[in-house]
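This report concerns only the one structure given below.
Each ligand, and each atom within it, is numbered from 1 in the order the structure gives.
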Amino acid sequence: MTLVHYGYSTLIEKSVDTTNLNGLELGRIIAAHKDRYSVITEGGELTAEITGNLRYTATSKLDFPTVGDWVALQVYEGDHAIIHKLLPRYALLSRKAIGTDSNIQLIGANIDYALIIQAVDRDFNVNRIERYLTLCHTSSITPILLLNKIDMISGEELDVLLDDLKSRVPEVPVFPISITQQLGIAEVESMIQKEKTYALLGSSGVGKSSLVNCLSQEALMPTKDLGRQSNRGQHTTTYRQLILLNKGGILVDNPGMREVGIANATDGVERTFDTIHKLALDCRFADCTHTVEKDCAVLEGVASGLIAKASYDNYQKMNRERMHFEASVAERRKQDKDFGKMIKQVKKVRKNNKY
Ligand SMILES: Nc1nc2c(ncn2[C@@H]2O[C@H](COP(=O)(O)OP(=O)(O)OP(=O)(O)O)[C@@H](O)[C@H]2O)c(=O)[nH]1
Ligand SMILES: [Zn+2]
């Protein structure tokens with residue numbers, strides 16, 4: 001097993017400089033725990049922590065390693081290591097953290113494609129697909145749609161869904177599959193590219209675990225450290241979030257992707273709703289909200305059927321969420337600033353009182 005299998009050549013292809021490591025080893029994060037990381041290196045799998053310096057200079061979550069990150073690390077005896085440096089990311093997939101207004105949560109770094117999996121039963125929902133697409137477009141990650149459980153519907157019913165997708169999200173490649181019946185799996189496997197990293201996105205119960213088991217032999221087995229041995233002479237077994245696929249791709253499996261919150265995503269919303277965005281250039285007012293204005297090209301598009309009403313509604317909803325997130329972030333920054341000012345003021349008063 002070498003780092004090439006874990007996407008090293010893609011990292012180089014993206015022009016990330018890996019020559020300046022000053023004697024440190026290169027590795028990729030395969031699982032992130034609270035303060036501990038599992039890292040794959042040329043010599044095998046290691047447990048690592050970050051340096052105090054990295055910890056104390058971090059200003060946000062973005063400064064901490066996440067699954068898929070490439071790092072420079074110093075390896076100590078056994079299988080222990082210290083991460084000194086986070087290499088530049090060429091893509092970062094994140095979402096708004098559940099239950100918060102202004103926090104983001106990292107899903108994975110250095111991801112090339114997203115496999116959005118949706119089931120054709122009750123789960124089927126184009127609005128939610130557009131939500132995932134916005135997430136992908138915001139991070140410049142190419143989306144691919146897997147429509148699972150087609151064994152549960154008739155061919156005619158499937159055609160209706162495919163037509164719906166063609167009109168609402170025409171640019172996205174769609175793979176109708178049934179994991180249990182092994183339908184369309186060969187097509188998915190032949191689409192997977194070697195050394196590219198894929199993120200798996202989808203609600204609970206759509207078949208994500210089933211897909212991982214189907215595309216990867218590794219996932220079925222407990223993962224073992226075949227490289228270095230731990231101090232106690234035992235092989236370590238760890239839970240992985242970065243999995244090697246049979247066809248040579250790499251998969252980020254992020255459990256609990258149940259809700260997709262939209263964070264700062266102006267470009268992502270625009271790219272997902274490309275038709276609306278292009279039409280909006282013809283609105284009479286440059287700051288048109290496409291709701292009540294005169295000569296609004298978007299409203300005209302909805303009236304003429306060029307834009308599906310459902311698509312328009314979802315566009316407005318996601319824009320409202322995006323603005324809400326941005327306003328919350330701005331508000332929190334202001335509060336932090338005010339708090340900083342207050343502390344300064346208090347210090348000043350104390351200092352003055354000394355005299
Ligand atoms: N009929 C049918 N059922 C399927 C198919 N694929 C998966 N299932 C079933 O759907 C259920 C959920 O599958 P999982 O693979 O556990 O789904 P998941 O997305 O990993 O769910 P979470 O772990 O909750 O996120 C299981 O009972 C599967 O057997 C399929 O192609 N057809
Ligand atoms: Zn308008």
Side-chain angles (χ1 to χ4, degrees), residues 67 95 98 105 107-108 114-125 128-129 132 144-155 157-158 161-162 174-189 198-216 218-220 239-241 243 245 251-260 266 269-270 273-304 306-309 311-320 323:
V67 181
R95 64 167 170 175
I98 293 170
Q105 186 180 353
I107 298 170
L115 298 178
I116 301 166
I117 175 163
Q118 202 166 79
V120 295
D121 57 0
R122 279 168 306 156
D123 181 68
F124 185 82
N125 181 328
R128 192 165 338 106
I129 294 176
Y132 283 119
I144 296 160
L145 186 59
L146 307 183
L147 220 47
N148 189 30
K149 309 196 187 182
I150 57 167
D151 56 288
M152 293 176 73
I153 57 170
S154 69
E157 284 170 319
L158 178 61
L161 300 186
L162 292 175
V174 182
F175 290 80
I177 60 171
S178 164
I179 302 169
T180 47
Q181 303 298 313
Q182 288 287 301
L183 298 171
I185 301 299
E187 284 79 358
V188 172
E189 291 214 300
Y198 296 79
L200 193 56
L201 303 176
S203 322
S204 181
V206 292
K208 294 185 298 298
S209 314
S210 311
L211 186 76
V212 173
N213 286 339
C214 166
L215 298 180
S216 167
E218 186 191 24
L220 296 173
Y239 162 69
R240 279 183 185 213
Q241 293 156 328
I243 297 157
L245 302 180
L251 189 80
V252 174
D253 180 19
N254 205 313
M257 275 296 302
R258 284 181 175 77
E259 190 187 295
V260 211
T266 314
V269 173
E270 285 178 357
F273 299 92
D274 191 45
T275 317
I276 295 183
H277 180 56
K278 284 195 180 124
L279 273 181
L281 300 174
D282 292 334
C283 291
R284 188 208 284 199
F285 304 105
D287 60 349
C288 186
T289 62
H290 323 305
T291 50
V292 292
E293 290 86 349
K294 258 195 158 179
D295 298 329
C296 167
V298 174
L299 289 178
E300 281 164 15
V302 176
S304 72
L306 191 62
I307 303 167
K309 177 71 168 60
S311 195
Y312 167 82
D313 289 341
N314 202 28
Y315 166 80
Q316 291 290 20
K317 183 162 184 277
M318 268 165 21
N319 259 335
R320 281 196 297 275
M323 286 187 283

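- Only the backbone of Ser203 comes within contact range of ligand 1, with a heavy atom under 4.0 Å; no side-chain atom does.
- If you check the side chains of Glu293 and Thr289, you find a donor sitting under 3.5 Å from an acceptor.
- Ligand 1 has a nitrogen or oxygen under 3.5 angstrom from a nitrogen or oxygen of Ile179.
- Looking at Gly207 next to ligand 1, an N or O pair under 3.5 Å apart turns up.
- Although no hydrogens or angles enter the test, the distance criterion places a donor-acceptor pair under 3.5 Å between the side chain of Gln316 and the main chain of His290.
- A salt bridge links Asp274 with Lys278: at least one charged nitrogen is closer than 4.0 Å to a carboxylate oxygen.
- When heavy-atom distances to ligand 1 are checked against a 4.0 Å cut-off, Gln181 has no atom that comes that close, whether in backbone or side chain.
- Near Asp151, meaning under 4.0 Å from any of its heavy atoms, are these atoms of ligand 1: 1 (N), 2 (C), 30 (C), 31 (O), 32 (N).
- Annotation: protein N, O or S atoms under 2.8 Å of the Zn ion (ligand 2) (waters excluded) comprise Cys283 SG, Cys288 SG, His290 ND1, Cys296 SG.
- Residues passing the salt bridge (charged side-chain N to carboxylate O under 4.0 Å, His left out) test with Asp295, sequence neighbours excluded: Arg284.
- Among Asp253, Val120, Asn148, the residue whose heavy atom lies closest to atom 6 (N) of ligand 1 is Asn148.
- Under the salt bridge (charged side-chain N to carboxylate O under 4.0 Å, His left out) criterion, Asp282 pairs with no residue at all, not counting sequence neighbours.
- How far NZ of Lys208 is from CG of Leu251: 11.5 Å, rounded to the nearest 0.5 Å.
- Not a single heavy atom of Gly202 lies less than 4.0 angstrom from ligand 1.
- A distance-only check finds no donor-acceptor pair linking the side chain of Asn319 to the backbone of Val269 [under 3.5 Å].
- Remark: side-chain polar atoms of Ser216 are not paired, donor with acceptor, to backbone N or O of Asn213 under 3.5 angstrom.
- Close N/O approach between Val206 and ligand 1 is found [any backbone or side-chain N/O within under 3.5 Å].
- Side-chain N or O atoms of Lys149 include none that pairs as donor or acceptor with a backbone N or O of Gln118 at under 3.5 Å.
- Close approach of ligand 1 to Ser178 (heavy-atom distance below 4.0 Å) involves ligand atoms 31 (O).
- Residue nearest to atom 7 (C) of ligand 1, selected from Cys214, Ser210, Gly184: Ser210 (by heavy-atom distance).
- Once rounded to the nearest 0.5 Å, the distance linking CE of Met152 with OG of Ser178 reads 10.0 Å.
- Listed by chain and number, the residues in a salt bridge (charged side-chain N to carboxylate O under 4.0 Å, His left out) with Asp121 amount to none (sequence neighbours excluded).
- Taking every heavy atom of Met152 and a limit of under 4.0 angstrom, the matching atoms of ligand 1 come to 1 (N).
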